[in-house]
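Taking it in order: structure first as structure tokens, then the write-up.
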Amino acid sequence: MKAKFFLVLAAVALLFTACKKDEEQPQDNNNSNQEQTLENNTLIYDGVTYQLQSEAILESEGTYLSYFARSGETVDFQGHIDGLNKTFDLTKAQDFMFDLYMFINQTPISLCFYDANSINGQIGDTQYSEESIFSEGTFTNTYNDSGVTCELNGTLKNGKKMAYKVFVPESEIQRPPHK
């Protein structure tokens, strides 16, 4: 009887060990497929990584953020957002102002919305009226004691993936005098 009990106990222990390994395997595969976290001041566009020099201006008594980034003569862009600490879907117009103007290898890319009813943009020679240039993606800006971070991750309607992370330390954020 004791032998049967130990045999059943060993079988149950083996079963739990086997199940645990099966559960761990998919997690490991998922980790290898997850997108990597971007380093500060980095742009990835169509599989090419660019290191950025970035700056930010906080205007209108701290409610309007302008940020700028460049990588030599290859990348130049600026973005503006009315408000801080926002995350939103790049495929839909928003109820606040956001715009992005870029040149990557002399290709213009832009997205503008000024309210929930106005959205337009451009990728190269293709104009988008009343629709986003993104088929999927999000934008997040974060302002805290360490500085301002602007992160974008999405897929453009031309199928190219774009991700950037602009970070400007608190001590380097420009603040023009307010009237």
Side-chain angles (χ1 to χ4, degrees), residues 29-60 62-143 147-168 172-174 176:
N29 287 341
N30 286 340
N31 287 340
S32 64
N33 292 332
Q34 288 178 353
E35 294 184 33
Q36 63 183 8
T37 302
L38 285 177
E39 296 291 323
N40 286 341
N41 300 311
T42 301
L43 163 73
I44 299 175
Y45 176 70
D46 196 24
V48 179
T49 301
Y50 303 89
Q51 297 305 309
L52 304 171
Q53 297 172 333
S54 304
E55 58 187 275
I57 301 172
L58 193 54
E59 302 178 69
S60 299
T63 62
Y64 184 84
L65 175 69
S66 298
Y67 61 98
F68 308 89
R70 65 194 70 44
S71 181
E73 296 179 13
T74 308
V75 175
D76 188 16
F77 71 90
Q78 61 180 304
H80 308 92
I81 187 164
D82 185 15
L84 299 172
N85 299 312
K86 294 184 182 280
T87 298
F88 59 88
D89 182 340
L90 288 166
T91 66
K92 301 174 185 170
Q94 305 297 313
D95 61 355
F96 54 87
M97 192 283 300
F98 171 82
D99 61 37
L100 172 66
Y101 301 97
M102 307 180 87
F103 281 93
I104 302 175
N105 296 319
Q106 299 180 351
T107 300
I109 299 171
S110 66
L111 174 63
C112 304
F113 41 83
Y114 296 101
D115 61 43
N117 299 313
S118 173
I119 187 168
N120 61 66
Q122 174 181 1
I123 304 171
D125 294 332
T126 304
Q127 301 287 328
Y128 294 83
S129 180
E130 298 181 28
E131 66 179 301
S132 176
I133 63 172
F134 286 91
S135 59
E136 63 180 10
T138 58
F139 174 88
T140 300
N141 83 12
T142 307
Y143 177 67
V148 66
T149 303
C150 298
E151 295 182 79
L152 181 144
N153 191 344
T155 303
L156 295 164
K157 288 194 174 171
N158 65 1
K160 295 182 179 182
K161 294 193 180 292
M162 176 188 295
Y164 67 73
K165 183 176 183 182
V166 170
F167 173 74
V168 179
E172 295 178 20
I173 297 173
Q174 300 173 38

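- Taking OG1 of Thr138 as the start and CD of Glu151 as the end, the distance is 8.5 Å to the nearest 0.5 Å.
- When side chains are defined from C-beta on, Gln78 does not count as touching Ser66, because their heavy atoms never get closer than 4.5 Å.
- Of the inter-residue distances, the one linking Thr149 atom OG1 with Leu38 atom CG reads 11.5 Å to the nearest 0.5 angstrom.
- To the nearest 0.5 Å, the span separating CG on Leu152 from CE on Met162 amounts to 6.5 Å.
- How far CD1 of Ile104 is from CD1 of Ile109: 4.0 Å, rounded to the nearest 0.5 Å.
- Side-chain atoms of Thr140 and Lys86, non-hydrogen and from C-beta on, never get closer than 4.5 Å to each other.
- Between Tyr50 and Thr74, the shortest heavy-atom contact is CE2-CG2, 3.4 Å.
- The ring of Phe77 has its center no closer than 6.0 angstrom to the ring center of Tyr45.
- In this structure, Ser129 contributes its side chain and Asn120 its backbone to no donor-acceptor pair below 3.5 Å.
- Listed by chain and residue number, Asp46 satisfy the salt bridge (charged side-chain N to carboxylate O under 4.0 Å, His left out) test with Lys160 (two or more places apart in sequence, or in another chain).
- Distance alone, capped at 3.5 Å, is enough to place a donor-acceptor pair between the Ser135 side chain and the Thr155 backbone.
- In this structure the side chain of Ile44 never reaches within 4.5 angstrom of the side chain of Lys161, judged on heavy atoms.
- In this structure, OG on Ser54 lies 10.0 Å from OH on Tyr164, to the nearest 0.5 angstrom.
- Phe134 has its side chain out of reach of Phe139: every pair of non-hydrogen atoms, C-beta onward, lies at least 4.5 Å apart.
- Residue-environment remark: CD (Gln127) exceeds the threshold of 12 foreign heavy atoms within 6.0 Å.
- Listed by chain and number, the residues in a salt bridge (charged side-chain N to carboxylate O under 4.0 Å, His left out) with Glu131 are Lys157 (sequence neighbours excluded).
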Scan the side chains in residues 89-102 for donor-acceptor partners under 3.5 Å anywhere in the protein, sequence neighbours excluded, and list what turns up.
residue : atom : partner : partner atom : Å
Asp89   : OD1  : Thr91   : N            : 2.8
Asp89   : OD1  : Thr91   : OG1          : 2.6
Asp89   : OD2  : Thr91   : OG1          : 3.2
Gln94   : NE2  : Asp89   : O            : 3.1
Gln94   : NE2  : Lys92   : O            : 2.7
Asp99   : OD1  : His80   : N            : 3.3
Asp99   : OD1  : His80   : ND1          : 2.5
Tyr101  : OH   : Tyr114  : OH           : 3.4

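- Once rounded to the nearest 0.5 Å, the distance linking SG of Cys112 with CD1 of Ile119 reads 9.5 Å.
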Query - Check against side chain to side chain contact (heavy atoms under 4.5 Å, CB included), Asn105 and Val48 - result: CA-CA 11 Å; Asn105 296 319; Val48 179; over 6 Å; no
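- Using modelled atom types, no side-chain atom of Asp76 and backbone atom of Arg70 make a donor-acceptor pair closer than 3.5 Å.
- Here the closest non-hydrogen pair linking Val148 and Ala56 is CG1-CB, 3.7 Å.
- Within the 4.5 Å cutoff, no side-chain heavy atoms of Val166 are placed close to those of Phe68.
- Just one residue in the list Leu52, Thr142, Thr42, Asn40 forms a side chain to side chain contact (heavy atoms under 4.5 Å, CB included) with Phe167, and that residue is Asn40.
- The local environment of CG in Asp125 is sparse, with at most 12 non-hydrogen atoms from other residues, nucleotides or ligands closer than 6.0 Å.
- Closest approach of Gln122 to Gly124, counting heavy atoms only: NE2-O, 2.7 Å.
- Side-chain N or O atoms of Asn141 include none that pairs as donor or acceptor with a backbone N or O of Cys150 at under 3.5 Å.
- The backbone N or O of Tyr143 lies less than 3.5 Å from a partner atom in the side chain of Asn85, making a donor-acceptor pair.
- Between Gln174 and Glu55 the shortest heavy-atom distance is NE2-OE1, 3.2 Å.
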